[in-house]
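Below is one structure, written out as structure tokens, with a few remarks after it.
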Amino acid sequence: MDTEKVYNDNAEKWLRLEPSSLSDFTARPYVFEACGALNSRSVLDIGCGEGYCARELKRRGAGDYLAVDLSSQMIEAAQVQEAKDQYGIEYRACNVLEFTPDRQFDLCIAVFMFNYLRVEEMQRVFSMVYDSLVPQGQFIFSVPHPFFPFVHTAQSAPFYFSATGKNYFADVDQQFEGEIWKRSGEPLHVQCVHKTFGDYFNGLRQAGFSGMPELKELTVTSELAAQDETFFAPLLNEPLHVLFKISK
């Protein structure tokens, strides 16, 4: 299924001003934490969607902010909200595979964007990010845990990818369709182009990053399960997401 169409057709469902979908609780707070004290640092946000993370990082003190996304409808939704908020976020609709920033940034984030790219495409974007960062600039991104589709095989709420008959090593670059739920009970269509941990580490090295990335594996914690057992408990201690952080 075409990724651009998926998000153009569902932009209104993604728009939110507070945590709503599962990953707003299990992943995005850790992205914000990893960004640390922003102190007017400039940010490039690739795969920004309707601007949920952009707005939060601006509230936390980000400076010059450029946010791009493939979906024109998601960008339009972000711009409508920006007209209300006046945060000073610049949104652009573009294909990140054809995108070259016109300036450098202190920080680049990509929240669940690389799961829509094949390995070769991810490599190209990693290289673009490396070039777009100032010396010592940081790159923070989150992706679905590569093990998740193979460990969690139940195609049910609140999150799944369909990987029936697929193999962890043999099916790299294969696209798995899935859904992630809002706490309201509404499902959102998501996709995952499968990659291994090795693909991520090799891609960063080939792009020019020489250090070892910080890596955090994310799951539903017991604290979250206690807040809403019905919603969170089915995924307690499952390998849901991975957060990478690396400096240029």
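Because the structure is a prediction, the values reported are computed rather than measured.
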### Message
Can a donor-acceptor pair be found, under 3.5 Å and without considering hydrogens, that links the side chain of Lys13 to the backbone of His189?
### Response
no
#### Entry: Evaluation steps, side chain to side chain contact (heavy atoms under 4.5 Å, CB included), between Met212 and Phe201
CA-CA 9 Å; Met212 184 73 175; Phe201 280 92; 3.7 Å; yes
### Message
Please check: side-chain N/O of Asp69 versus main-chain N/O of Gly49, any donor-acceptor pairing under 3.5 Å?
### Response
yes
#### Entry: Partner of His194 by ring pair (Phe, Tyr, Trp, His ring centres under 6.0 Å), out of Tyr168, Phe114, Tyr200, Phe169
Tyr168
### Query
When clusters are formed by joining ILVMFWY residues with side-chain heavy atoms under 4.5 Å apart, either directly or through shared neighbours, do Val96 and Ile75 land in the same one?
no
### Message
Using modelled atom types and a 3.5 Å cut-off, is there a donor and acceptor pairing between side-chain atoms of Lys248 and backbone atoms of Tyr130?
### Response
yes
### Message
Evaluate His152 against Phe159 for ring pair (Phe, Tyr, Trp, His ring centres under 6.0 Å), listing each step before the verdict.
### Response
CA-CA 9 Å; His152 184 81; Phe159 183 32; 7.8 Å; no
### Summary
The salt bridge (charged side-chain N to carboxylate O under 4.0 Å, His left out) partner of Arg55 among Glu50, Glu18, Glu82 is Glu50
### Message
Go through it in stages, so that I can follow the logic: the residues are Phe209 and Phe244, the test is ring pair (Phe, Tyr, Trp, His ring centres under 6.0 Å), and I'd like the CA-CA distance, side-chain angles, deciding distance and then a yes or no.
### Response
CA-CA 12 Å; Phe209 292 97; Phe244 290 85; over 10 Å; no
### Task
Without swapping roles, check the side chain of Lys245 against the backbone of Pro213 for a donor-acceptor pair under 3.5 Å.
no
### Task
Show your working on ring pair (Phe, Tyr, Trp, His ring centres under 6.0 Å) between Tyr65 and Tyr87 and close with a plain yes or no.
CA-CA 9 Å; Tyr65 206 110; Tyr87 282 141; 9.8 Å; no
### Task
Consider only side-chain N and O atoms of Gln81 and Asp85, and report whether a donor and an acceptor are under 3.5 Å apart.
yes
### Query
Do Glu186 and Arg16 sit within salt-bridge range, that is, some charged N less than 4.0 Å from a carboxylate O?
no
### Query
Same cluster or not: are Val129 and Ile109 linked, directly or through other Ile, Leu, Val, Met, Phe, Trp or Tyr residues, by side-chain heavy atoms under 4.5 angstrom apart?
no
### Message
Quick one: does any side-chain atom of Thr26 pair with a main-chain N or O of Thr219 as donor and acceptor, under 3.5 Å?
### Response
no
### Query
With a 4.0 Å cut-off, would you call Arg124 and Glu121 a salt bridge?
no
### Task
Kindly indicate, with the supporting measurements, whether the criterion side chain to side chain contact (heavy atoms under 4.5 Å, CB included) is fulfilled by Val111 and Tyr52.
CA-CA 10 Å; Val111 179; Tyr52 178 80; over 6 Å; no
### Message
Run Gln155 and Glu177 through side chain to side chain contact (heavy atoms under 4.5 Å, CB included) and show every step you take.
### Response
CA-CA 10 Å; Gln155 295 184 32; Glu177 304 294 332; over 6 Å; no
### Aromatic ring pairing Phe147/Phe197, orientation class (parallel under 30°, perpendicular over 60°, tilted between)
perpendicular
### Pair Glu214 + Lys216: basic N to acidic O under 4.0 Å
no
### Message
Hydrophobic clustering (ILVMFWY, side-chain heavy atoms < 4.5 Å, transitive) - are Val68 and Tyr91 grouped together?
### Response
no
### Message
Check Arg60 with Glu33, please: is the shortest side-chain N to carboxylate O separation under 4.0 Å?
### Response
no
### Task
Look at the side chain of Lys166 and the backbone N and O of Asp171, then say whether any donor-acceptor pair between them is shorter than 3.5 Å.
no
### Message
Please identify which of these residues, Tyr7, Tyr160, Phe112, meets the side-chain contact (heavy atoms from CB on, under 4.5 Å) condition with Val190.
### Response
Tyr7
### Message
I'd like to know if the side chain of Gln136 reaches the main chain of Ser247, judged simply by a donor and an acceptor atom lying under 3.5 Å from each other, with no hydrogens or angles considered.
### Response
no
### Message
For the backbone of Ile246 and the side chain of Gln138, can you confirm whether one donor and one acceptor N or O come within less than 3.5 Å of each other?
### Response
no
### Query
Do Phe32 and Leu215 sit in the same hydrophobic cluster, where Ile, Leu, Val, Met, Phe, Trp and Tyr count as joined when their side-chain heavy atoms come under 4.5 Å apart?
no
